[in-house]
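Accompanying notes for the structure given below.
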Amino acid sequence: MGSSNRLFNRQKTVHEIFGGGFVAEVILWRRKNATVGILLVALASWVVFGRSGYTLLSLVSSVLLLLLTILFLWAKSAAILNRPSPPLPELHLSEEMVNEVAAFIRTHLNALLSVSQDIALGKDTNLFFQVAGYLLLISIVGGLADFLTLGYTSLLIILTIPALYERYQDFIDKYVETVCKKSQQLYVNFDMQCIGRIRKWILEKQKLS
């Protein structure tokens, strides 16, 4: 499908829109192990914090204490009994991964700051109403669910909707294009039949007056 037929006439692929790096690959399920791991960790966190009453600080402290105690006792006993030490993976973040995540965050933060500046300076009225509508929607949804549930639901949407769209984007783009054309036709008919009559009635009243 050509770029002119894509949703919003975009020139970039979905992978490029999300930065084209490690973050994009995780969101689009190109690194399934990482994506599934994030979902499982998020689900476990939601169950633990939402159901058991644990706080983040108490849970992290308890888990780290238990883990460090087990590893410490394992290492000490292995040294006494001449056994191998506990097999630990190399705890290291690659520079490439850190740079990709930082670049992704920086790009979106700069875009957010640019939008905020345009709104604060009154440069884009339509953008102001769009952002106000989104914030109002978030406020309403936030009142219906707690922060943890909202965060998990948002993460689930981020890790499913873009991947599904990338897989079925040709079908979705055609469907959305058809819906937009029909909506435009309905608006034109409504404008001609209803708004046109109102304008005609107002003009007649003005002539009579």
Side-chain angles (χ1 to χ4, degrees), residues 12-116 134-135 137-169:
K12 296 181 179 180
T13 63
V14 179
H15 186 260
E16 292 173 344
I17 290 174
F18 284 102
F22 175 79
V23 175
E25 292 178 355
V26 171
I27 292 175
L28 298 176
W29 288 72
R30 297 185 182 181
R31 300 200 181 192
K32 293 183 179 180
N33 292 335
T35 307
V36 172
I38 292 173
L39 284 175
L40 290 178
V41 170
L43 177 60
S45 301
W46 179 72
V47 172
V48 170
F49 295 135
R51 302 302 177 186
S52 68
Y54 267 103
T55 62
L56 178 61
L57 183 60
S58 62
L59 179 65
V60 171
S61 299
S62 300
V63 170
L64 287 178
L65 177 61
L66 178 62
L67 181 61
L68 289 176
T69 302
I70 292 174
L71 292 175
F72 178 79
L73 294 177
W74 186 351
K76 285 298 184 181
S77 61
I80 295 173
L81 300 174
N82 293 324
R83 297 290 184 178
S85 300
L88 289 176
E90 183 181 1
L91 303 177
H92 174 71
L93 288 176
S94 66
E95 184 178 356
E96 178 185 1
M97 183 183 299
V98 173
N99 289 337
E100 287 180 356
V101 173
F104 178 81
I105 295 175
R106 179 179 60 83
T107 300
H108 286 75
L109 280 179
N110 285 336
L112 178 62
L113 292 174
S114 177
V115 169
S116 301
Y134 288 137
L135 292 177
L137 179 62
I138 292 173
S139 176
I140 294 174
V141 173
L144 300 176
D146 60 278
F147 179 77
L148 189 61
T149 302
L150 185 61
Y152 176 73
T153 305
S154 301
L155 180 63
L156 185 64
I157 292 173
I158 292 173
L159 293 179
T160 53
I161 300 300
L164 290 174
Y165 173 73
E166 185 188 41
R167 185 172 183 178
Y168 302 106
Q169 60 180 325

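Small disclaimer: the values here were computed from a predicted structure and weren't measured.
Under the 3.5 Å distance criterion, the side-chain polar atoms of S114 are left unmatched by any main-chain donor or acceptor of N110. Between the T69 side chain and the L65 main chain, a donor and an acceptor come within less than 3.5 Å of each other.
Taking CG from L156 and CD1 from I161, the interatomic distance works out to 8.5 Å, rounded to the nearest 0.5 Å. The line from OG1 of T160 to CG of L28 is 11.5 Å long, rounded to the nearest 0.5 Å. Here the straight-line distance linking atom OG of S154 with atom CG of L159 works out to 11.0 Å at 0.5 Å rounding. Atom CD of residue E166 and atom CD1 of residue I17 lie 10.0 Å apart, to the nearest 0.5 angstrom.
Scanning all heavy atoms of the two residues, the minimum distance from V26 to T35 falls at O-OG1, 2.6 Å. The shortest heavy-atom contact between A163 and W29 is CB-CD1, 3.5 Å. Between I157 and P162, the shortest heavy-atom distance links the atoms O-CD, 3.5 Å. Between A78 and P84, the shortest heavy-atom distance links the atoms CB-O, 3.4 Å.
Contacts of R31 classified as salt bridge (Lys or Arg N to Asp or Glu O under 4.0 Å), with partners at least two apart in sequence or in another chain: E25. Evaluation of the ring-ring contact (aromatic ring centres under 6.0 Å, His included) rule for F104 yields H108 as partners, not counting sequence neighbours.
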Walk me through whether L39 and L43 qualify under side-chain contact (heavy atoms from CB on, under 4.5 Å).
CA-CA 6 Å; L39 284 175; L43 177 60; over 6 Å; no

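Atom CZ of R30 sits in a crowded spot, with more than 12 heavy atoms from other residues, nucleotides or ligands closer than 6.0 Å.
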